Novice: 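Take a look at the following structure, please.
Remember, predicted model here, so these are calculated numbers, not experimental data. Indexing begins at 1, ligand by ligand and atom by atom, following the structure's order.
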Amino acid sequence: MGEALEARMRDRIGRECLYLPSCRLGLYVALRHWCRPGGRVLMSPVNDDVIFFVVLAAGLRPVQAPLDPRDGSIDESAVPEETWRTLDAVITTNLYGNPDPAPGLRARCDALGIPLLEDAAHAIGSSVGGRPVGSYGEASVFSLSKHTAAKTGGFLAVADPALREALREARDHLLAPSRLSAEFAYALRPYAEASVRGLRLVRAARAAMRLLGMEEREGIRMPLRPGELRQAVAEAPALTPFHSWVRVDMHDYRIRPGRARLHRTARLLDRLDDRLAAHREGTRRLLASPWAAPGAGPVQPLFRVPLLVADRDAAVAALARHRITTGYLYDPPLDDYASARFTDPPPDPEPARWFARHALPADPLRADRITAVLDAAGVRPAEPPPKARRTGDPEGGAGGPESGVRGPEGGGGG
Ligand SMILES: Cc1ncc(COP(=O)(O)O)c(C=O)c1O
């Protein structure tokens, strides 16, 4: 399944790759392979809730990491020493394509003898420490729904090629059979979306989907349903009890793909370098806007550029009036969303809250249009973020990873 796609991805990142129907399924396979049930996993609280449920489904306890409020990356230096000692694995997020500090996290994981798993869903073209994101961990996962816009597909890339067969078996065991109706819907989707857009029916179509029960997010986060979640957690590790949470935004996440789907995905993957070049150029322009300031290091081909605005709701509304939809919002942070019943909070939750509240993920492919709308609407940049409280440094401090964007106070040589 997907061998031609795997060969393309192997050439790109220089690692053995396994194709899967989604990135989330790849992460589940990786967590089951590398982490024993009951283990504790450091992850970012500003993340898609789907990923949180994947971690729970793998029978693991999410431990929320402190974040750098300027770009939402993991603030490795603010993780307390006593927390490091309790961890069984680290998952990076590389939010919007801004890299987490993989070289430092790799060194930490090596010292502790625990695996580093990289979620490169947003970061297929990003690099850190002179290497591609996804080349540091025992395993890394990629989503073809993001930059490639295939709305299906992902990869699990592994450092040790000898593991490929065992992971392929684990993947195949989790796949649901291909359904003709799902393939048909997938093939028709681009045409249906284009006509809805052409007829300016987006709002009516969303209302109809809500009426039909197909829209699962009323707000930014999906409903937690804590009572049912508690039951599902008692059955973990297992994917099926978590199906209703993990399938959100992608009901085909574990369906064996048909030929038409794979064919279309391969065509889109072939165009990836052009897309990445366009993302990099759009990122450059957005980083020159008043709502962002570039950080140290090269400009990354970000999936979204997290502009930092004073009143995010007003900015989202202004863009919506020009039919620009803002997606990929992750507010509130996962510890506020799910409570201590389901996750350990970070030592200082404020930097993540600040970032989640002010970040406006801007599509670099629409950079000029977005900056024109924000300018015309008088959207103000956010006030500077709170200083991150470092362990053993009550005054806070600067620093942070190589990154594509910095908040309005600048920093990192921007
Ligand atoms: C950070 C992150 N990781 C993983 C995923 C899952 O990707 P997929 O939709 O391909 O399963 C998402 C989905 O949006 C995401 O935002």
Novice: Are E6 and R164 close enough for a salt bridge, meaning some N to O gap below 4.0 Å?
Specialist: yes

Novice: Which atoms from ligand 1 have a heavy atom of S143 less than 4.0 Å away?
Specialist: 7 (O), 8 (P), 10 (O)

Novice: Under 4.0 Å from a heavy atom of Y330: give me the atoms of ligand 1 that qualify, with their elements.
Specialist: 16 (O)

Novice: Report, in ascending order of atom number, the atoms of ligand 1 lying under 4.0 Å from any heavy atom of K146.
Specialist: 7 (O), 8 (P), 9 (O), 12 (C), 13 (C), 14 (O)

Novice: Give yes or no for whether the N/O distance cutoff of 3.5 Å, strictly under, is met between C23 and ligand 1.
Specialist: yes

Novice: Indicate yes or no: does D331 engage R357 in a salt bridge with an N to O separation below 4.0 Å.
Specialist: no

Novice: For a side-chain contact (heavy atoms from CB on, under 4.5 Å) check, start with the C-alpha distance between I324 and R369, then their side-chain angles and the critical distance, and finish with the verdict.
Specialist: CA-CA 9 Å; I324 299 173; R369 186 99 184 92; 3.6 Å; yes

Novice: If you have a sec, work out which protein heavy atom is nearest atom 2 (C) of ligand 1 and how many Å separate them, to one decimal?
Specialist: D119 OD2, 3.5 Å

Novice: Are the aromatic ring centres of F155 and Y19 under 6.0 angstrom apart?
Specialist: yes

Novice: Any idea which atoms of ligand 1 are less than 4.0 Å away from a heavy-atom of N47?
Specialist: 1 (C)

Novice: Angle between ring planes, H358 versus W354, binned at 30° and 60°: parallel, tilted or perpendicular?
Specialist: tilted

Novice: Quick one: look at L25 and ligand 1, take heavy-atom pairs under 4.0 Å, and tell me if it's side chain, backbone, both or neither.
Specialist: neither

Novice: Which of the atoms in ligand 1, numbered in the order shown and given with their element, are less than 4.0 Å from a heavy-atom of M250?
Specialist: 9 (O), 10 (O)

Novice: Which residue holds the protein heavy atom closest to atom 15 (C) of ligand 1, what is that atom called, and what is the gap in Å?
Specialist: H122 NE2, 3.6 Å

Novice: In sequence, state the C-alpha distance, the side-chain angles, and the governing distance for R217 and V248, and then conclude on side-chain contact (heavy atoms from CB on, under 4.5 Å).
Specialist: CA-CA 8 Å; R217 294 179 188 274; V248 167; 3.7 Å; yes

Novice: Considering non-hydrogen atoms of the protein only, which is the closest contact for atom 5 (C) of ligand 1, and what is the distance?
Specialist: I51 CD1, 3.8 Å

Novice: Can you tell me which residue and heavy atom of the protein come closest to atom 9 (O) of ligand 1, and the distance to 0.1 Å?
Specialist: R24 NH2, 2.8 Å

Novice: Between D49 and R221, does any NZ, NE, NH1 or NH2 come within less than 4.0 Å of an OD or OE carboxylate oxygen?
Specialist: yes

Novice: Would you say the ring centers of F303 and Y328 fall short of 6.0 Å from each other?
Specialist: yes

